[in-house]
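Take a look at the structure below.
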Amino acid sequence: MHMSQVPRTLVALLFALLGLRAVCAADPESTSAAGPFVAGFDRFGRHGEIEKILAGTLLISELSCCACHPSNEAALAAKGGPRLAGVTGRIHASWLEQFIAAPLQTKPGTTMPDLLGHRTEIERASIAHSITAYLTSQEEPFPDVKGSGLLPVPHEFWDKGTAHRGQRLYHQVGCVACHAPDIGYAAAGPSDSALDRLLEALEPEELVERGLAGAMRTVNSVPLSNLTAKYTRRGLTHFLLDPTQARPAGRMPSLKLAPTEAADIVAHLLDSQVNPPAGQSATQAEIDRGRQLFIELQCVNCHATRDLKPMRFSKPLHELDLTRTNHCLNSTTGSAVCYQIDDS
């Protein structure tokens, strides 16, 4: 996409998005989320190391703005959200209901927009309950995991993990390249490189002059939030085996884990797992209401289910006017808003 092809209203949107405050993952358990966490923007765009319009383009794609606000620009194509068929086998329904009602409070750093933020607490709870009821009707079996003579798969392998092995694997197979390591965990690693020694020897002004300031900057980790409250053991184990099955457009790669290795990591991450009590079965009336809300709120524009396709769209992206006081990024009248933007 050439910058000369970007409409003026789109430029305004890109610049407004630059006000997004990335979640600081130094405290991944924090419940006072400042905004969605987009790793590429947090590392480069927030520090002015890439062009502003490129940084805004990244955000529009990663936050899936064009799933609701159509655009013909290929660079702005929506990433999309997780696939929700079978979601209540992977994720506890109680967590899902809380997440729908208050995304950023339930999962700090999430890129899901808060479409119910302008509603009353009672309305949010009611809508979240109905949508969760609909999602419970999307049951789907887990994929078969087949072993071999050399690598047999134990029966119900997701419950057979060992936490101390999982902790070691978590710090060795690549998890901590994106997610924070355990506090106090001492992992063996290579000695300092020549670059490390150079960075330590240079003064801050010299680092800037040589273009090395970014190499000294702390890189925020992708927040994990409360995995124990969110995932079932079986659900998280299958997700680690094949992240793209649940998140076709997700950024997490497959780590080529054996089923027992995935179970070990889950045993470490969910070591204090206590399954929440099972909720009451949803009535057909609740399921039908949730299905209708899933369409009306345009949830289906980002999330695939078995029986729905996008049917409703908001104003096209190039028609948005962010010079107005109220828009989908910041509202002072209580109307629907996706993200509260700090553009000061």
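- To the nearest 0.5 Å, atom OG1 of residue T132 and atom CD1 of residue I100 are 3.5 Å apart.
- Proximity of F37 to T110: side-chain heavy atoms (C-beta onward) are nowhere separated by under 4.5 Å.
- Taking E121 as the reference, nothing meets the side-chain hydrogen bond (donor to acceptor under 3.5 Å, both in side chains) condition, with sequence neighbours excluded.
- Taking the side chain as every heavy atom from C-beta outward, L308 and T305 approach each other to under 4.5 Å.
- In plain terms, the two heavy atoms of T260 and P154 that are nearest each other are CG2-CD, 3.8 Å.
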Given the rule in the side chain to side chain donor-acceptor pair (under 3.5 Å) test, do N72 and H318 qualify, once you have shown the distances and angles that lead to the verdict?
CA-CA 9 Å; N72 292 326; H318 69 275; over 6 Å; no
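- Of the inter-residue distances, the one linking Y170 atom OH with H179 atom NE2 reads 6.0 Å to the nearest 0.5 angstrom.
- Shown here for L116 and R124, the closest heavy-atom pair between the two residues is O-CD, 3.1 Å.
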Quick one: do Y231 and N226 satisfy side chain to side chain donor-acceptor pair (under 3.5 Å)? Show the steps, please.
CA-CA 9 Å; Y231 279 103; N226 189 345; over 6 Å; no
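- To the nearest 0.5 Å, atoms CE (M112) and OG (S64) are separated by 11.5 Å.
- Looking at heavy atoms from C-beta onward, P143 lies out of side-chain contact with D242 at the 4.5 angstrom threshold.
- I122 is not connected to I131 by any chain of hydrophobic side-chain contacts under 4.5 Å among Ile, Leu, Val, Met, Phe, Trp and Tyr, and they are in different clusters.
- L151 and V266 fall into different hydrophobic clusters, where Ile, Leu, Val, Met, Phe, Trp and Tyr side chains are chained together by heavy-atom contacts under 4.5 Å.
- For the pair K107 and S225, the tightest heavy-atom approach, listed with the atom from each and the gap, is CG-OG, 3.6 Å.
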Working for side-chain contact (heavy atoms from CB on, under 4.5 Å), residues L240 and L255
CA-CA 8 Å; L240 293 181; L255 298 176; over 6 Å; no
Worked verdict on F41 versus R46 for side-chain contact (heavy atoms from CB on, under 4.5 Å)
CA-CA 6 Å; F41 178 80; R46 208 156 52 92; 4.2 Å; yes
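- Residues E286 and H129 form a side-chain contact, since some pair of their non-hydrogen atoms from C-beta on lies under 4.5 Å apart.
- Among residue pairs with one or both ends in residues 93-103, none qualify as salt bridge (charged side-chain N to carboxylate O under 4.0 Å, His left out); sequence neighbours excluded.
- One N or O on the side chain of S130 and one on the backbone of S126 form a donor-acceptor pair closer than 3.5 Å.
- Nearest heavy-atom pair across D114 and P103 is OD1-CD, 3.6 Å.
- The cationic group of R234 lies under 6.0 Å from the six-membered ring centre of W158 and within 45° of the ring axis, placing it in a cation-pi geometry.
- Across every non-hydrogen atom of P223 and P108, the tightest pair is CB-O, 3.7 Å.
- Judged purely by atom type and a 3.5 angstrom limit, T136 uses its side chain to pair as donor or acceptor with the backbone of A133.
- Checked by atom type and distance alone, the side chain of H171 pairs as donor or acceptor with a backbone atom of D182 at under 3.5 Å.
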Please step through side-chain contact (heavy atoms from CB on, under 4.5 Å) for the pair H164 and T162, ending with a clear verdict.
CA-CA 6 Å; H164 77 270; T162 303; 3.1 Å; yes
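- You'll find the side chain of P243 reaches within 4.5 Å of the side chain of S254, heavy atoms only.
- Under a 3.5 Å cut-off, the side chain of H69 and the backbone N or O of K315 do form a donor-acceptor pair.
- No donor-acceptor pair under 3.5 Å is formed between the side chain of K230 and the backbone N or O of I91.
- Of all heavy-atom pairs between T106 and Q98, the closest is OG1-O, 3.1 Å.
- A donor-acceptor pair is defined here as one N or O able to donate and one able to accept, closer than 3.5 Å; no such pair exists between the side chain of T244 and the backbone of R247.
- Once rounded to the nearest 0.5 Å, the distance linking SG of C65 with CG of L317 reads 7.0 Å.
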Which side-chain N or O atoms in residues 293-302 pair as donor and acceptor under 3.5 Å with protein atoms at least two apart or in another chain?
unit_1: E296; atom_1: OE2; unit_2: Q292; atom_2: NE2; d: 3.2
unit_1: Q298; atom_1: OE1; unit_2: S314; atom_2: OG; d: 3.3
unit_1: Q298; atom_1: NE2; unit_2: S314; atom_2: OG; d: 3.4
unit_1: N301; atom_1: ND2; unit_2: A67; atom_2: O; d: 3.0
unit_1: N301; atom_1: ND2; unit_2: R312; atom_2: O; d: 2.9

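- Between the side chain of Q138 and the backbone N or O of R306, at least one donor-acceptor pair lies under 3.5 Å.
- Sorted by first then second residue, the salt bridge (charged side-chain N to carboxylate O under 4.0 Å, His left out) pairs that include residues 137-159, not counting sequence neighbours, are R83-E140.
- The shortest side-chain heavy-atom distance between L227 and W95 does not fall under the 4.5 Å cut-off.
- Residues satisfying the salt bridge (Lys or Arg N to Asp or Glu O under 4.0 Å) test with R165, not counting sequence neighbours, are D264.
- A distance of 9.0 Å separates CG of D288 from OG of S137, quoted to the nearest 0.5 Å.
- Residue pairs meeting the ring-ring contact (aromatic ring centres under 6.0 Å, His included) criterion with at least one partner in residues 232-264, sequence neighbours excluded, are F142-H238, F157-H238.
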Would you check, one step at a time, whether the test side-chain contact (heavy atoms from CB on, under 4.5 Å) holds for R251 with K79?
CA-CA 10 Å; R251 302 303 183 238; K79 180 184 77 170; 3.4 Å; yes
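- A donor-acceptor distance shorter than 3.5 angstrom exists from the side chain of T57 to the backbone of I53, with no hydrogens or angles considered.
- Side-chain contact between P259 and T237 is absent, with no heavy atoms from C-beta onward closer than 4.5 Å.
- Contact check for D42 versus V38: no side-chain heavy atoms found under the 4.5 Å cut-off.
- Distance CG/L135 to NE2/H303: 9.0 Å, rounded to 0.5 Å.
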